[in-house]
Colleague: 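First, the structure itself, so that you have it in front of you.
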Amino acid sequence: MNTASISGLVLAGGRGTRMGSVDKGLQAFGGSTMVAHVLARLRPQVANVAINANQNLDAYGAFGVPVWPDDTPGFAGPLAGLEAGLRRCATTYLLAVPCDSPFLPSDLAERLLAGLAAAGADLALAVTEENGLRQPHPVFCLVKADKAEVLSAYLAAGGRRMDGWYPQLKVTEVLFEDAAAFRNINTLDELRGLDPSRPLKLAEVVSCLSAYDPDALPVRDAQKIIRDFVAPVRSTEQVALRAALGRVLAADITSPINVPAHDNSAMDGYALRGSDLPADGDLRLRVIDTVYAGRASSVVPAAGECVRIMTGGVMPAGCDSVVPQEFVREEDGVIVMAPGTIRPGDNRRFAGEDLKAGSAALRKGKVIRPADLGLLASLGVAEVPVQRRLRVAFFSTGDELRSIGQPLDEGCVYDSNRYTIYGMLQRLGCDIIDMGVVRDDPAALEAALREACENADAIITSGGVSVGAADYTKQIMARLGDVTFWKIGMRPGRPLAFGRIASGGKSAFLFGLPGNPVAVMVSFYFFAREALLRMMGAEAPLPLLRARSVGAIRKKPGRTEYQRGVLARGEDGMPEVMITGSQGSGILRSMSEANCMVVLHDEQASVQAGEMVDVLMFEGLV
Ligand code: AMP
Ligand code: MG
């Protein structure tokens, strides 16, 4: 067998829509690109290689191999790529492989050629067997180059199916054992799934958007990129039940017992046998014992008897109903009740009604609230596995900032952002590292970012990410890692830096929030909050509510606007929201007066008085 008779062709001519309209072959993978991996495996198997591509021809050309676009126009699919290859093929055979199969078998050419020769075929394709099913891989195929004209005729007639031209050929299948070797990668999740320990690159995440302009990024795209990019911190600890309040549950909790453990009474009254209840006429039952909650009784009432029972008391054997005490008269150890007072089965709680033994009581990822503490206590759970607290370092940047206690020099302002950020992080239950104010000085900024990175899971900065002249923050951030700078279609809070930086062998996610005091809060709530929760292993999307707008609100379509509002009950009892005074992005007072933010989405235009709008409450009952 002579592989010198084979030319290799990497099919990379697709639009890559599933990867977000980027060239799949150029996707980052395993330290280089997907196509680089394919080339590395294909090259040793064949005499020469070429790439079929229809976009980014220069990027493909950089691999030092010929790049051939389709001859058949209009992204006609892999068969058109095969056509381009066959027409230019200078050897007897052409071996085609897709650009997104970085694990292709190292004996692909040799075995397909052997199969083709043995069968005297024109085309050999790879097949695998998965769960007893034959799985053909028609884009992994070896074809005689002299079949170019047959293929061209098929394409010219409008044919597009990989196997559509097989009737005009002699085709053979070659079985390969290792199905995983034919695995192709179509989505970001697949990419991440292959190697979960490999951190994603921002470029990979961004490439999954259908359009991307960092200078005019819609809010929901920014949120999606952030959501896809951050990864949970995989570290858990076991804490005493009370200490679990506000923490994120790290494992499902299954109930070890039935709750309640026994059938019991929901009322203070008399436990009786439902079969004793008469269709008409008064019912008279003899009271033979009393059952208190927590004190078991072994009495078994016979027909015509009942047991006085307290709420929570275990139902005596044979009893299935409880009549509340206020519905009966008791005379000399006998109760009398009117017909139709209760039905059989009333006022009885079943064992396991709240929770059955072995069923999931709480799910991993839940932020533990007071009700959950109670639930866990009701199961007798003393210790709870929780995610370790997220460590978040933060600092403010700006030469004009003064800390409390310092004199306020001319032109200076007190640093308020560190206090709002402190408050918001505290509420999220993070471990907080307050690094103070950092001057607009490259060395100071670099030192602060490095220190933050080496000590925290996430870093939050404020200021210095807008176009301001004295802001070195951006340059330093970019130098320390994979950081992108956005202008987001929103108001307030257009600039945002986001990414991951590395220092001293550690890495941390970075949120470079704008400097304006309101913008910093809005950016925190709408971008950082969910990301930090995800890093903590919790899923907690923003709980947006609907409320009626009391007044008209002016709004430009094409960007998201956040207005500070006060939500209250209207006269008709329905929630209504009123915008607080001035909405300037530096005016913290109107933020402090507000109890919610009104969220006016991109596509929304001005709001009429009385129209419904989305609101985000600042506080929830916990
Ligand atoms: P910058 O994004 O750095 O250009 O800052 C924008 C505006 O926000 C400027 O007026 C800053 O003085 C103000 N600012 C920045 N950081 C803070 C802070 N930590 N506290 C209060 N105001 C700030
Ligand atoms: Mg500044």
Side-chain angles (χ1 to χ4, degrees), residues 214-215 217 219 222 392-427 430 432-449 451-452 456 458-480 483-499 501 510-529 559 562 564 582-594:
D215 289 329
L217 192 65
V219 166
V392 185
F394 64 102
F395 58 84
S396 301
T397 68
D399 286 341
E400 77 282 25
L401 302 179
R402 292 291 175 273
S403 294
I404 299 173
Q406 292 179 334
L408 198 58
D409 301 322
E410 199 179 329
C412 291
V413 293
Y414 281 122
D415 173 10
S416 58
N417 290 350
R418 253 166 61 229
Y419 291 83
T420 44
I421 291 175
Y422 162 84
M424 294 184 292
L425 287 174
Q426 189 76 37
R427 285 283 171 92
C430 303
I432 293 169
I433 308 170
D434 181 347
M435 297 179 61
V437 174
V438 176
R439 280 170 294 123
D440 281 323
D441 161 67
L445 283 165
E446 174 162 352
L449 282 169
E451 189 189 330
I459 306 166
I460 295 190
T461 67
S462 74
V465 290
S466 57
V467 285
D471 296 328
Y472 301 103
T473 321
K474 286 165 76 170
Q475 299 162 27
I476 310 289
M477 285 176 175
R479 189 139 55 76
L480 291 181
V483 181
T484 181
F485 301 90
W486 291 327
K487 290 199 188 85
I488 300 179
M490 66 188 276
R491 220 177 85 126
R494 231 156 78 83
L496 188 80
F498 171 68
I501 62 169
L510 173 72
F511 299 85
L513 308 184
N516 275 312
V518 175
V520 87
M521 293 192 76
V522 169
S523 312
F524 185 95
Y525 282 133
F526 291 92
F527 299 112
R529 176 190 166 278
R559 67 182 187 197
Y562 301 96
R564 285 140 262 174
S582 170
Q583 298 286 321
S585 67
I587 302 175
L588 259 186
R589 187 173 56 83
S590 55
M591 195 73 179
S592 156
E593 283 167 5

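Both ligands and their constituent atoms are indexed starting at 1 by order of listing. No hydrogens, no waters, no symmetry mates; every other heavy atom, side chains included, goes into these values. The structure presented is a predicted model; accordingly, all values stated were derived computationally and were not measured.
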Colleague: Please walk me through it: do D409 and R402 pass salt bridge (charged side-chain N to carboxylate O under 4.0 Å, His left out)?
Modeller: CA-CA 8 Å; D409 301 322; R402 292 291 175 273; 3.0 Å; yes

Colleague: Hey, which atoms in ligand 1 end up nearer than 4.0 Å to a heavy atom of G464?
Modeller: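 The list of qualifying atoms is 1 (P), 2 (O), 3 (O).
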
Colleague: Show the atoms of ligand 1 that are less than 4.0 angstrom away from any heavy atom in N417.
Modeller: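 Contacts of ligand 1 toward N417, numbered from 1: 16 (N), 17 (C), 18 (C), 19 (N), 20 (N), 23 (C).
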
Colleague: Going through the distances and angles, do D215 and K487 end up as a salt bridge (charged side-chain N to carboxylate O under 4.0 Å, His left out)?
Modeller: CA-CA 5 Å; D215 289 329; K487 290 199 188 85; 3.6 Å; yes

Colleague: Considering both backbone and side-chain atoms of R418, is one of its nitrogen or oxygen atoms within less than 3.5 Å of a nitrogen or oxygen in ligand 1?
Modeller: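 No, there is no polar N/O contact under 3.5 Å.
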
Colleague: For residues S403 and Y414, report the shortest heavy-atom separation together with the two atoms involved.
Modeller: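 That closest heavy-atom pairing would be O-CE2, 3.6 Å.
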
Colleague: Compare every heavy atom of S590 with every heavy atom of R564, then report the nearest pair and how far apart it is.
Modeller: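 Closest heavy-atom pair between R564 and S590: NH1-OG, 2.7 Å.
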
Colleague: Nearest heavy-atom pair of M435 and A448: which atoms, and what distance?
Modeller: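 Closest approach of M435 to A448: CE-O, 3.3 Å.
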
Colleague: Under 4.0 Å from a heavy atom of S466: which atoms of ligand 1 are those, numbered in the order shown and with their elements?
Modeller: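 Listed by number with element, the hits are 1 (P), 2 (O), 4 (O).
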
Colleague: Look up atom CE in M477 and atom CG in L445, then write down how far apart they are to the nearest 0.5 Å.
Modeller: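 Atom-to-atom, M477:CE and L445:CG are 8.0 Å apart.
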
Colleague: Measure across A222 and F527 and return the closest heavy-atom pair with its distance rounded to 0.1 Å.
Modeller: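 Minimum heavy-atom contact is CB-CE2, 3.7 Å.
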
Colleague: Side chain, backbone, both or neither: which part of V520 has a heavy atom under 4.0 Å from ligand 1?
Modeller: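 The answer is neither; V520 stays 4.0 Å or more away.
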
Colleague: Could you tell me whether some N/O pair between V413 and ligand 1 is separated by less than 3.5 angstrom?
Modeller: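 N/O-N/O distance under 3.5 Å: no.
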
Colleague: Is the closest heavy-atom distance from S416 to ligand 1 below 4.0 Å?
Modeller: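 In this structure, S416 qualifies as a contact of ligand 1 - some heavy atom is under 4.0 Å.
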
Colleague: Do any N/O atoms on G463 end up under 3.5 angstrom from N/O atoms on ligand 1?
Modeller: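 The answer is no, given that G463 and ligand 1 share no N or O pair closer than 3.5 Å.
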
Colleague: Atom CD1 in I460, atom OG in S396: separation rounded to 0.5 Å?
Modeller: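 If we round to the nearest 0.5 Å, I460:CD1 and S396:OG are 11.0 Å apart.
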
Colleague: Would you mind listing which atoms of ligand 1 come within a distance below 4.0 Å of any non-hydrogen atom of Y414?
Modeller: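 Answer, ordered by atom number: 20 (N), 21 (C).
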
Colleague: S396 heavy atoms, cut-off 4.0 Å: which ligand 1 atoms fall inside?
Modeller: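 Checking each atom against S396, I get 19 (N).
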
Colleague: Short list, please: which atoms of ligand 1 are under 4.0 Å from a heavy atom of D415?
Modeller: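 Atoms satisfying the 4.0 Å criterion: 18 (C), 19 (N), 20 (N).
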
